[in-house]
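The first residue of the sequence shown is numbered 1, and numbering continues consecutively from there. Treat the numbers as computed from the prediction; the structure is a model and nothing was measured.
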Amino acid sequence: MTTEQTELARLRERIDQIDRQLLALICERAKCAQSVAEVKMRGNSGQDVVFYRPEREAQVLRKIMHENPGPLSDEEVARLFREVMSACLALEAPLHIAFLGPEGAFTHAAALKHFGHSGVCLPHYAIDEVFREVEAGSAHYGVVPVETSNEGVISHTLDVFVNSPLLICGEVEVRTHHFLIAPEQVDAADIKVVYSLAQSFSLCRQWLDERWPGVERIAVPSHADAVKRASERQDAAAVAGEHCARLYGMKVLAKNIEDHPDQIARYLIIGKNSAPPSGDDKTSLMVTIRDEPGALYKMLGVFHRQNLSLTRIDSRPALSGARRYHFFVDFIGHKDLPEVGAAIQELSRDALDVRCLGSYPKGVL
Ligand SMILES: O=C(O)C(=O)C[C@]1(C(=O)O)C=C[C@@H](O)C=C1
């Protein structure tokens, strides 16, 4: 054996040893999660047991990132532990997650990022359908977009909250990178047509204009559709998200082709329960006020007096009555904090209605 071969054999033996230790520890962790499930069942006499605990998951991931000694990045170690927890939770009870489809959409990527790959993710074709699935108990949780780089705030999601009893129990952000992809057998030089969503074309316009000026762009309803159409031809490519490229096993011709990189989309996790404090939380309120001079100024004054930091505010006209607006306000802090309680109380004095849509851990990954 050469010295290189000896060195490799020695290192691989060490890796085998470590893998054995990792396997034993992961299995021990899984058994521990099973015992946690038994305790939860005993605590609730087996009725309506909530196995998924977003606040605990956020704490576990934050601790892992904080204690990460390297060389793997914080995001990478958190992703690995995300999958370990996902598998442990599936042992306790398999989670059913409804998301705004189709498969391969950025919302699908958000669901997998948040819940890992051991949950059962099911696509639905409208935002209110996702809400209905969770309300009816056919899915434990739902994932819906609330803000994307191409459409801004998703007002339909906000509108559905008005008449839904569901609560927000988490948020997740996804970098909406776009890839130019093609079936394995297609040569880049042969491409005459590119399929994608109209919004994705506008996000990648400059790049496509410069590099693929003569190529026809055909808009289709989804990234998955774009991939399917491209797969049926020998001269076509698709512009889609990274997750979609992986899901359909396409060849990547170019990565991150969007004209403004670092575009981030935000998704909400909806369920029947809000989350207890995790130590770093957000709260979402829906405040309904009369459309009159100074009403918004007064409302914002409450947050200022309670020293609460707003992360976003959106308004929607109330459909049920003229001259009323629903304000959707997100801020840092959990509803159990005294200053948040005081703000809700103060807001209730002037507003027509104040509803807490949920407190939840700030997105970790
Ligand atoms: O701590 C719990 O309640 C668990 O069920 C364990 C665990 C984990 O694997 O760490 C699994 C699922 C929960 O969502 C949170 C954490």
Side-chain angles (χ1 to χ4, degrees), residues 48 50-52 54 86 89-90 93-174 176 196-200 219-228 240-241 243-244 247-248 265-275 284 286 314 316-320 326 328 330 355-358 360 363:
D48 296 328
V50 179
F51 291 100
Y52 170 60
S86 176
L89 178 58
L95 274 197
H96 287 211
I97 299 130
F99 67 94
L100 179 68
E103 283 192 333
F106 283 120
T107 315
H108 188 197
L112 292 172
K113 184 175 179 185
H114 191 81
F115 288 102
H117 284 71
S118 299
V120 181
C121 289
L122 295 166
H124 291 273
Y125 293 91
I127 289 170
D128 40 353
E129 228 182 85
V130 174
F131 274 75
R132 267 205 305 279
E133 284 295 294
V134 183
E135 282 170 27
S138 315
H140 297 99
Y141 298 94
V143 185
V144 287
V146 71
E147 191 186 353
T148 63
S149 33
N150 43 22
E151 288 167 275
V153 64
I154 309 296
S155 40
H156 192 47
T157 295
L158 301 184
D159 291 342
V160 182
F161 269 116
V162 175
N163 293 312
S164 170
L166 294 184
L167 294 167
I168 304 169
C169 57
E171 66 168 2
V172 57
E173 290 183 342
V174 172
T176 49
S196 194
L197 273 169
Q199 297 97 315
S200 295
V220 291
S222 71
H223 284 161
D225 241 46
V227 171
K228 269 184 219 130
H243 164 68
C244 195
L247 190 71
Y248 292 100
R266 183 167 167 256
Y267 301 84
L268 297 177
I269 313 303
I270 50 170
K272 290 186 173 164
N273 304 295
S274 187
S284 296
M286 185 178 79
D314 293 295
R316 300 287 303 148
L319 301 175
S320 58
H326 300 301
F328 293 86
D330 292 354
R355 231 178 82 200
C356 182
L357 300 180
Y360 46 91

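- Shown here for Pro102 and His108, the closest heavy-atom pair between the two residues is O-CB, 4.4 Å.
- Separation of atoms SG (Cys169) and CG (Leu357) is listed at 12.5 Å; rounding is to 0.5 Å.
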### Message
Between Ile270 and Phe161, is the side chain to side chain contact (heavy atoms under 4.5 Å, CB included) condition met? List the steps.
### Response
CA-CA 10 Å; Ile270 50 170; Phe161 269 116; 3.6 Å; yes

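- Put simply, the side chain of Pro165 reaches to within 4.5 Å of the side chain of Glu135, judged on heavy atoms.
- With values rounded to the nearest 0.5 angstrom, His243 atom NE2 is found 13.0 Å from Lys113 atom NZ.
- Not one N or O on the side chain of Ser284 forms a donor-acceptor pair closer than 3.5 Å with the backbone of Gly358.
- The side-chain heavy atoms of Val143 and His114, taken from C-beta on, include no pair separated by under 4.5 Å.
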### Message
Show, in sequence, the C-alpha distance, side-chain angles and deciding distance for Glu147 and Ile154, and conclude whether the side chain to side chain contact (heavy atoms under 4.5 Å, CB included) test is met.
### Response
CA-CA 6 Å; Glu147 191 186 353; Ile154 309 296; 5.7 Å; no

### Task
Go through the steps for Leu247 and His223 under the test side chain to side chain contact (heavy atoms under 4.5 Å, CB included), then give the verdict.
CA-CA 11 Å; Leu247 190 71; His223 284 161; over 6 Å; no

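- Shown here are the side chain to side chain contact (heavy atoms under 4.5 Å, CB included) partners of Val160, two or more places apart in sequence or in another chain: Ile127, Asp128, Phe131, His156.
- In this structure, CG on Leu95 lies 10.0 Å from OG on Ser118, to the nearest 0.5 angstrom.
- Formation of a donor-acceptor pair under 3.5 Å by the His140 side chain with backbone atoms of His96 is found in this model.
- Heavy-atom minimum distance, Pro221 versus Leu197: O-CD2, 3.1 Å.
- Taking the side chain as every heavy atom from C-beta outward, Glu171 and Ile269 never approach each other to under 4.5 Å.
- Within the 4.5 Å cutoff, no side-chain heavy atoms of Ile97 are placed close to those of Tyr52.
- The structure places OG1 of Thr148 at 7.5 Å from CD of Gln199, a figure rounded to the nearest 0.5 Å.
- Taking each heavy atom of Arg355 and Ser164 in turn, the nearest pair found is NH2-O, 2.9 Å.
- Across all non-hydrogen atoms, the minimal contact from Cys121 to Leu112 is SG-CD2, 4.1 Å.
- Minimum interatomic distance between Ala265 and Thr176 (heavy atoms only, all atoms of both residues): CB-CG2, 3.7 Å.
- Between atom CG of residue Asn273 and atom OH of residue Tyr141 there is a gap of 6.0 Å, rounded to the nearest 0.5 Å.
- Shown here for Val130 and Leu100, the closest heavy-atom pair between the two residues is CG2-N, 3.7 Å.
- Residues Phe328 and Val146 fail the side-chain proximity criterion, which asks for heavy atoms closer than 4.5 Å.
- With rounding to the nearest 0.5 angstrom, the CG atom of Leu268 is 7.5 Å from the CG atom of Asp330.
- In this structure, the side chain of Thr107 does not engage the main chain of Pro145 through any donor-acceptor pair within 3.5 Å.
- Aromatic ring centres of Phe106 and Tyr267 lie farther apart than the 6.0 Å criterion allows.
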